[in-house]
**Q** 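I am attaching a structure below and will ask some questions about it afterwards.
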Amino acid sequence: MTNYIEPAPIKDKENPLESMMSRFDRAAELLGISDEMYHILKAPRKQVTVGLPITMDNGKIKVFEGYRVIHSTILGPSKGGIRFDPGVHIDEVRALAAWMTWKCAVVDIPYGGAKGGIACNPREMSAGEMERLMRAYTLSMLDVFGPDKDIPAPDMGTGPREMAWLMDEYSKANGMTVHAVVTGKPLVLGGSVGRTEATGRGVTVTALAAMEKMRLNPYRASAAVQGFGNVGSYAALLLHERGVTVQAISDVTGAYYNPRGIDIEAAIAYRTKNKGLLEGFGDAEKITNEELLFLPVDVLVPAAKEDVITDENAANIQAKLIVEGANGPTSASADDIINEKGIMVVPDILANAGGVTVSYFEWVQNRIGYKWNLERINRRSDRILKDAFEKVYLTSQEYNVSMRLAAYIVAIDKVAKTYEFRGGF
Ligand code: NAD
């Protein structure tokens, strides 16, 4: 047994991050990695906590706590978003950082995993307060961030605007413009074309790859997509463009079902005019978000939030294929039920890795000082996702395990083998 201090447990018991770690444990066991290697891969490399005193608009100073956790740099510089949310906690950031390590490894991009966060409420903060907080956080993380060290990106509560401030503050401190220190930037500031739709596109590419294995003709297949935000709406649109009949879509206002198929372009146009919501969308029967999960469709795409498929409702799912657009939509307790029903699952760390893949392309373009066009971005990201799908599929056959466990096996094997070559102390 290695002399290893177990980090404090994550707060809730039934949370998606614990689910992720329990699958990691199963995959590590199947792969037969040594106890030492297990602990090397599980423990984060670096955890930084900073106090950020910010002058608020009312003149008072408020101190925020900010975190950055580097889980692994074995495959390359660490990559991961920055979350601004009142519920941010170091345990959660630590688990999300590990999640990034497996996601990057499964799609074979040369990055380790990291995550950052600040406990704050962006909905209650002015643009000025957000800017001061982001700049203060960046300055505190000057020796952590770097294009060859650790490359942040947006996550919940942050977007291109915050990434622009980060890039600017980092550049000022270094006396030169450093585009490649962060991804998810506005297009004019070195962002990449294709990033907005990249995650939904990857969901579609991996869904089609799975349908091919299952001999499901997209032109005869039906789908239900839960969530109609960035991931869900692009996944629905691209599946629809590839011939799949998308029978149901949903958002926080409920689900909309039409067995003859939903006109996705019309739904996007409706949402845009209707303050971003589908409420009142016509030509469809209104059902609940849970009923959507049980529809008699071929493909189910949960692309809204975590933990929607659980041991309590998994038995009612009729879909033959689940493609996880969201992070952690299936709780670990539902895995066995889904496997016993013979449902194929394209797991989150593979299905939604299109986003981090195009973020990687943004960094590559920044480093070579050149811009690729959309055609090149799409062609290259489709190839990466198809190859990753194929590798996970073959691994699932080789080990006779689910696609989910196979994805973890691929990721853990890659990181462990790289570590063995690099060596420790
Ligand atoms: P988003 O905020 O753009 O959209 C979320 C959608 O889900 C909205 O339509 C919202 O109305 C809906 N929703 C919220 N709560 C719901 C509920 N209780 N029931 C049904 N629908 C609900 O978010 P997004 O960027 O599309 O992210 C969705 C999921 O995909 C998240 O789990 C996110 O972590 C994951 N993800 C996103 C990306 C990305 O590039 N955006 C990459 C990887 C993973």
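Remember, it's 1-based here, ligands and their atoms both numbered in the order they're listed. What you see below is based on every heavy atom in this structure, not just the backbone, and it leaves out hydrogens, waters and symmetry mates.
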**Q** Judged by non-hydrogen atoms, does A326 sit under 4.0 Å from ligand 1?
**A**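 Heavy atoms of A326 do come under 4.0 Å of ligand 1.
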**Q** To the closest 0.5 Å, what do you measure between CD (E241) and OH (Y234)?
**A**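 Separation between the atoms: 10.5 Å.
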**Q** How does E279 reach ligand 1, by side chain, by backbone, by both or by neither, if only non-hydrogen atoms under 4.0 Å count?
**A**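 It is neither; nothing of E279 touches ligand 1.
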**Q** Between R23 and D335, is there a salt bridge with N-O shorter than 4.0 Å?
**A**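 Judged by the 4.0 Å cut-off on N to carboxylate O distance, D335 and R23 do form a salt bridge.
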**Q** Tell me whether K386 is salt-bridged to D382, with the criterion being a basic N under 4.0 Å from an acidic carboxylate O.
**A**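 No, this pair does not count.
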**Q** Out of G229, A303, P302, A353, whose heavy atom is nearest to atom 28 (C) of ligand 1?
**A**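 Shortest heavy-atom distance from atom 28 (C) of ligand 1: A303.
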**Q** With a 4.0 Å cut-off on heavy atoms, does R195 reach ligand 1?
**A**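 Yes, that is the case, since the closest heavy atom of the residue is under 4.0 Å from the ligand.
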**Q** Could you tell me whether atom 23 (O) of ligand 1 has a protein heavy atom closer than 4.0 Å?
**A**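 So atom 23 (O) of ligand 1 lacks protein heavy-atom neighbours under 4.0 Å.
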**Q** Heavy atom under 4.0 Å from ligand 1: found in N230's side chain, backbone, both, or neither?
**A**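 The answer is both.
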**Q** May I ask you to identify, for N289, whether its side chain, its backbone, both or neither come under 4.0 Å of ligand 1 on a heavy-atom basis?
**A**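 Under 4.0 Å from ligand 1, N289 contributes side-chain atoms alone.
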**Q** Around atom 27 (O) of ligand 1, find the nearest protein heavy atom and jot down its residue, atom name and distance.
**A**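 For this ligand atom, the closest protein heavy atom is V231 CG2, 3.9 Å.
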**Q** For ligand 1, which atoms, with element, lie under 4.0 Å from some heavy atom of F228?
**A**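 Close to F228: 6 (C), 9 (O).
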**Q** Are F145 and Y170 an aromatic pair, judged by ring center distance below 6.0 Å?
**A**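 No.
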**Q** Any chance you could lay out the side-chain contact (heavy atoms from CB on, under 4.5 Å) test for I412 and I33, step after step, and finish with the verdict?
**A** CA-CA 9 Å; I412 295 169; I33 63 168; 4.0 Å; yes
**Q** Tell me whether the centres of the aromatic rings in F24 and Y408 are closer together than 6.0 Å.
**A**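 No: the rings miss the under 6.0 Å criterion.
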